[in-house]
Amino acid sequence: MSVRVRFAPSPTGFVHIGSLRTALYNYLFAKHHGGTNILRIEDTDRTRFVEGAEEEIISTCRWAGIEFDESTEKGGKCGPYRQSERTEIYRQHATILLENGNAYYAFDTSEELDKMRERQQAAGIAPKYDRSIMRNQYTLGDEETKRMLDEGAEFCIRLKVPLSSEIAFNDMIRGHVSFSSRDVDDQILMKSDGFPTYHLANVVDDRLMEITHVIRGEEWLPSTPKHILLYSAFGWDAPQFAHLPLLLNEDRSKMSKRKGDVFVYQFREKGFFPETLVNFVALLGWNPTADREMFTMQEMIDSFTLEKVNKAGAVFDYKKLEWMQSEYMKKTDPDKFVYMVRNSLNEKGISEVSDDYIKKVIILLRERVQFPTQIASFGDYMFELPKGYDEEFKNKVWTEKAASAIPMVIEILRNADEFTQPALHAKVQEFLTENKLGFKDIMNPLRLLITGKSVGAGMFETMEVLGKDATLQRIDTIFQSITGAK
RNA sequence: GCACCGUUCGUCUAGCGGUUAGGACACCGCCCUUUCACGGCGGCAGCACGGGUUCGAUUCCCGUACGGUGUACCA
């Protein structure tokens, strides 16, 4: 049987970084096995629905390089893939359970339920629907139940959980897991608004969509017995389950928006490459070899196995993410992000720059910045005349030695006919040797004159990229302002 | 409270009965050097605890502690 997995988010807002990892693992698993990756939108909670959230999910996954074979967008043989469009299916299935005695009608109001829980907590017992005393099909009797239904009373449908039995399954990540049905609540299957709860919809859809492996977050582990019970109530075999470890805050609590960035778009806006985020997040809880950190999507697909997924939650280490971004900054083909640099240049009102030139600047400065967006500010002098210079740096490097040697160096540059790194280096070296000077004596002053800053790439490389005219223009401008100010 | 899951350097992890417990990030030194980076070299630092099983436990089993998740007509 071929592998079929699904990523089943609910459209309640932005995509969480943990959801991204779940989506990724599903994708990697599907691709590794040559199977099918499905996107299903779980929008059965009308009160939490957020307009545009579904589109955000799709575009975020696309950005990350996660593709779906079947989805709301693409369709597929098991559609529709939006649960709100499948309510009739759930209703029919609830009826099956009602008829075979595995589900029942209940009429309690939320106030009554709250009271029940309060009583139970006061008595020190676990809150759980008590079907022997609440208002439902069993306590009311079939006749009364029918009468109320005919009258149009509000009702919900609950799962009839066996009083005492063992519910066990084999989790692909955790191994044997078992629960006692005593601790399982008579879960509501159909809400009074006619929509199913997650539990019913999830089980019915996974079955109907022929899902073979349910790969989801660990927060679902405690409700898995309900799902197992549902499968058997329908007389179905359950799929394989794999419960992923959680992504944690620094304090080891479940990663939440209260403590920093947790939404994918936030990382995207900061300038992280999708490759960085995907690579990083993949390694939070999974590790194929441990002797390397950088993986392409294809390499991850090739080596992904659920057996290698960890059991314990992983703290999201922002520092390491940044390191990885720097690595990608250094190895990613500049062609892929020239446009990002151009965007930030446009924001500064600079538009007359060629792609080719931007690429050269990227290569010149990529080791010194983390994001493409920083190129335009870190290397502003590459695109426009410096507006001033670093005063502190000037005081430090503008020595008497420098002041007397620099005019001669400038002349050398002015007369240079080959304005390349090796040629300039040779010429200047010659001058230094003749005058018993070292690079130390003039390079920083030169840097000051050309960039106005104390940090940057090698000066000869910088000059080569800048070109003779732009270099001399900068030198003249700042030289004047320095000597004039003196 | 109850149920379940988990526990190797600060963090991500390798390890699947015998290892000087390995790697990466971070941190600290040193080197390279025209600045800053990059890079190179080195250092710091870990098997939660207690019982078993075994010739031998980080590794297997049982407790304890600690942590997390769940406990909704949310997903």
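Sequence lines set the chain letters: A, B, ... in the order given, protein chains first and strands last, and positions in each chain run from 1. Note that the structure is predicted; figures quoted are calculated from it, not measured.
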Could you check, using the six-membered ring where one of them is a Trp, whether [X] and [Y] have ring centers closer than 6.0 angstrom?
X        : Y        : answer
A:Tyr389 : A:Trp398 : no
A:Phe195 : A:Phe49  : no
A:Phe155 : A:Tyr105 : yes

Under 3.5 Å donor-acceptor pair, [X] side-chain atoms to [N] base atoms:
X        : N     : result
A:Lys320 : B:A26 : no
A:Ser454 : B:C36 : no
A:Arg174 : B:C5  : no

With [atom1] as the reference atom in both, quote the distance from [N] to [M] in angstrom, rounded to an integer.
N     : M     : atom1 : result
B:G18 : B:C28 : C1'   : 35 Å
B:C74 : B:G15 : C1'   : 40 Å
B:U59 : B:U7  : P     : 12 Å
B:C44 : B:G52 : C1'   : 35 Å

Electrostatic pair A:Lys115:A:Glu118 at N-O distance under 4.0 angstrom: no
Quick one: do A:Asp261 and A:Lys270 make a salt bridge, cutoff under 4.0 Å? yes
May I ask you to say what [X] touches in the nucleic acid, namely base, sugar-phosphate or nothing, with a heavy-atom cut-off under 4.0 Å?
X        : value
A:Arg252 : sugar-phosphate
A:Lys330 : sugar-phosphate
A:Ser178 : sugar-phosphate
A:Phe179 : sugar-phosphate
A:Phe460 : base
A:Ala457 : base
A:Glu42  : sugar-phosphate
A:Val177 : sugar-phosphate
A:Ile188 : base
A:Lys396 : nothing

Choose from [options] the nucleotide whose nearest atom is closest to any side-chain atom of [X].
X        : options            : value
A:Met443 : B:G39, B:G6, B:U34 : B:U34
A:Asp185 : B:A72, B:C5, B:A24 : B:A72
A:Lys308 : B:A37, B:A3, B:G15 : B:G15
A:Ala126 : B:G68, B:G23, B:G1 : B:G1

[X] side-chain N/O to [N] phosphate OP1/OP2 under 4.0 Å:
X        : N     : value
A:Asn310 : B:G6  : no
A:Lys128 : B:A72 : no
A:Arg292 : B:G23 : no
A:Arg158 : B:C73 : yes
A:Lys254 : B:G70 : yes
A:Thr44  : B:A75 : yes

Salt bridge (charged side-chain N to carboxylate O under 4.0 Å, His left out) between A:Arg48 and A:Asp45, worked out: CA-CA 6 Å; A:Arg48 293 211 307 157; A:Asp45 185 356; 3.6 Å; yes
If the plane angle is over 60° it's perpendicular, under 30° parallel, otherwise tilted; pick one for A:Phe263 and A:His16. perpendicular
Side chains of A:Lys191 and A:Arg46, heavy atoms from C-beta outward: is any pair under 4.5 Å? no
Judged by nearest nucleotide, the residue sitting upstream toward the 5' end of RNA chain B, A:Gln187 or A:Phe393, is A:Phe393
Could you say whether A:Phe378 or A:Ile125 is positioned toward the 5' end of RNA chain B, judged by the nucleotide with the nearest heavy atom to each? A:Ile125
Can you tell me how far [atom2] of [N] sits from [atom1] of [X], to the nearest Å?
X        : N     : atom1 : atom2 : value
A:Lys440 : B:C36 : NZ    : C1'   : 14 Å
A:Leu244 : B:G68 : CG    : P     : 20 Å
A:Arg447 : B:U35 : CZ    : P     : 8 Å
A:Gln370 : B:C25 : CD    : C1'   : 12 Å
A:Glu322 : B:C27 : CD    : P     : 10 Å
A:Tyr129 : B:A3  : OH    : P     : 24 Å
A:Asp291 : B:G15 : CG    : P     : 11 Å
A:Gln429 : B:U34 : CD    : C1'   : 12 Å

Let's test this: given Watson-Crick or G-U wobble pairing with both distances under 3.5 Å, identify the partner of B:G67. B:C5
